[in-house]
Protein chains: 2
Amino acid sequence: MTDHAQRSFRALADPTRRDILRLLSQHEMTIAEVAENFQMTRAAVKKHLSILQDGELISMRAIGRTKVNALNPDGMKRINDWLSYFDTFWDDKLADLKTSIEKDMQ
Amino acid sequence: MTDHAQRSFRALADPTRRDILRLLSQHEMTIAEVAENFQMTRAAVKKHLSILQDGELISMRAIGRTKVNALNPDGMKRINDWLSYFDTFWDDKLADLKTSIEKDMQ
DNA sequence: CTTAAATGATACCATTTGGTATCTCGATAA
DNA sequence: TTATCGAGATACCAAATGGTATCATTTAAG
C-alpha cells in the first residue's frame, strides 16, 4: 500500500469517487456540499474523500471549521504516467503491422 | 456493475493485474506462462485474468487446450476516454490562470 | 485407449471495502 | 459564554475481494 500508483488506481476504482471527481471539476466544495449530491451519509462521503486524498486525486484545505476539497493533478498525472507505458506498446504494434505489410509487399 | 468503465477501472485497481498487463505487453502468454511469473496459484492468476478480460483489458483465445492471453486496447481506450474529461479541466484551469494574469496587467 | 497436462468450476477462508450509527472535538455566531 | 454546526473518530455490519484447495473437463501424446 506504500505504492503511490496503487493508491491512485484504488481511488479511481469506485464509481462514487469518480463522480466526486467530476463534481469537483466544476468547482471546489466542502464535505457537506459534496455530500448533498449523494444518497449516503456525510461520513461515507468523507471516507471517499479521504481515499481520494490518499491517492492524491484531490487536496483538502481547512477554512475555518470547514474543509474545502479541490482536484489535485498529482494523482491524475501518476495514472497517466502509468498508462503512457502502453502508448508505446500500441505504437510498437502499429510499427510491427507496418513492417509485416511491407514484408508482404516484397 | 454493468458499467463498462467500472469494469475496466476495477481491473486496474490491483497491482498483480497491472503487472500482468505489463507482462503481456512483451508478448502473448498462456495462463500457465503468466502464472510462472507470480508466487500464487494458477487458479488465483486465472481469476485475475478473468477480471482483466471482464474489463476488456485483455483478450483470450483458445488454441487447442491452452488459452492465449493478449492485451486488448478496448479497455485502455475506455480508461483514457474517462480521463480525457479532466484534460479539458486542466486546460480550463490554465486558461483561467491566463485570464486572471491578463486582468492583472490591465 | 489411457494418461498426463492445461484449463474450468466450485467451495471455502481471511481481509478489505463501503456503508451506518454514534460520540467527540473545534470553531463560529448569538 | 454558550449553543450550534461542520467535521473527525470509532465501532460495527454486510458484501466484495484475493487467495487456497480440490475436483471435473478437455485435449494432446504414447
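Worth saying up front: this structure is predicted, and the values here are computed from it rather than measured. Sequence lines set the chain letters: A, B, ... in the order given, protein chains first and strands last, and positions in each chain run from 1.
Remark: A:T66 pairs with no residue by the side-chain hydrogen bond (donor to acceptor under 3.5 Å, both in side chains) rule, at least two apart or across chains. Applying the side-chain hydrogen bond (donor to acceptor under 3.5 Å, both in side chains) criterion to A:E56, with sequence neighbours excluded, gives A:H4, A:R78.
If you check every strand for non-hydrogen atoms under 4.0 Å, B:I63 touches nothing.
D:dG18 atom P lies 12 Å from atom CZ of A:R10, rounded to whole Å. Taking atom CD of residue B:Q53 and atom P of nucleotide C:dT7, one finds them 13 Å apart after rounding to whole Å. Rounded to whole Å, atom P of D:dG18 lies 11 Å from atom CG of B:L52. In this structure, the CG atom of B:L49 is 13 Å from the P atom of D:dG18, given to the nearest Å. Spacing between atom CD1 of A:I51 and atom C1' of C:dG19 amounts to 11 Å, rounded to whole angstrom units. As a whole-Å value, the separation of B:M29 CE from C:dT7 C1' is 16 Å. For the pair B:R7 CZ and D:dA16 C1', the interatomic distance rounds to 15 Å; values are reported in whole Å. Here C:dG18 presents its P atom at 10 Å from CE of A:M40, a figure rounded to the nearest Å.
A close approach under 4.0 Å does not occur between any side-chain nitrogen or oxygen of A:H48 and OP1 or OP2 of C:dT17. At the phosphate of C:dG18, OP1 or OP2 sits under 4.0 Å from a side-chain N or O atom of A:R17. Residue B:T41 places none of its side-chain N or O atoms closer than 4.0 Å to OP1 or OP2 of D:dG19.
Under the 4.5 Å side-chain criterion, counting only non-hydrogen atoms from C-beta, A:I20 is in contact with A:L49.
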Please tabulate the protein-to-nucleotide N/O contacts below 3.5 Å involving nucleotides 5-10 of chain D, giving atom names and distances.
unit_1 : atom_1 : unit_2 : atom_2 : d
D:dC5  : O2     : A:R65  : NH1    : 2.8
D:dA7  : OP1    : A:I31  : N      : 3.4
D:dA7  : OP1    : A:K67  : N      : 3.3
D:dA7  : OP2    : A:A32  : N      : 3.0
D:dA7  : N7     : A:R42  : NH1    : 3.4
D:dG8  : OP1    : A:K67  : NZ     : 2.8

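A salt bridge is defined here as a Lys NZ or Arg NE, NH1 or NH2 lying under 4.0 Å from an Asp or Glu carboxylate O, and A:D14 with A:R18 fails to meet this definition.
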Show which side-chain atoms of residues 32-41 of chain B pair as donor or acceptor with protein atoms under 3.5 Å away, not counting sequence neighbours.
unit_1 : atom_1 : unit_2 : atom_2 : d
B:E33  : OE1    : B:T30  : N      : 2.9
B:N37  : ND2    : B:E33  : O      : 3.0
B:T41  : OG1    : B:A44  : N      : 3.3

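A:I63 belongs to a hydrophobic cluster with A:V68, counting contacts under 4.5 Å between side-chain heavy atoms of Ile, Leu, Val, Met, Phe, Trp and Tyr, direct or through other members.
Screening residues 61-75 of chain B for salt bridge (Lys or Arg N to Asp or Glu O under 4.0 Å), with sequence neighbours left out, gives B:E28-B:R61.
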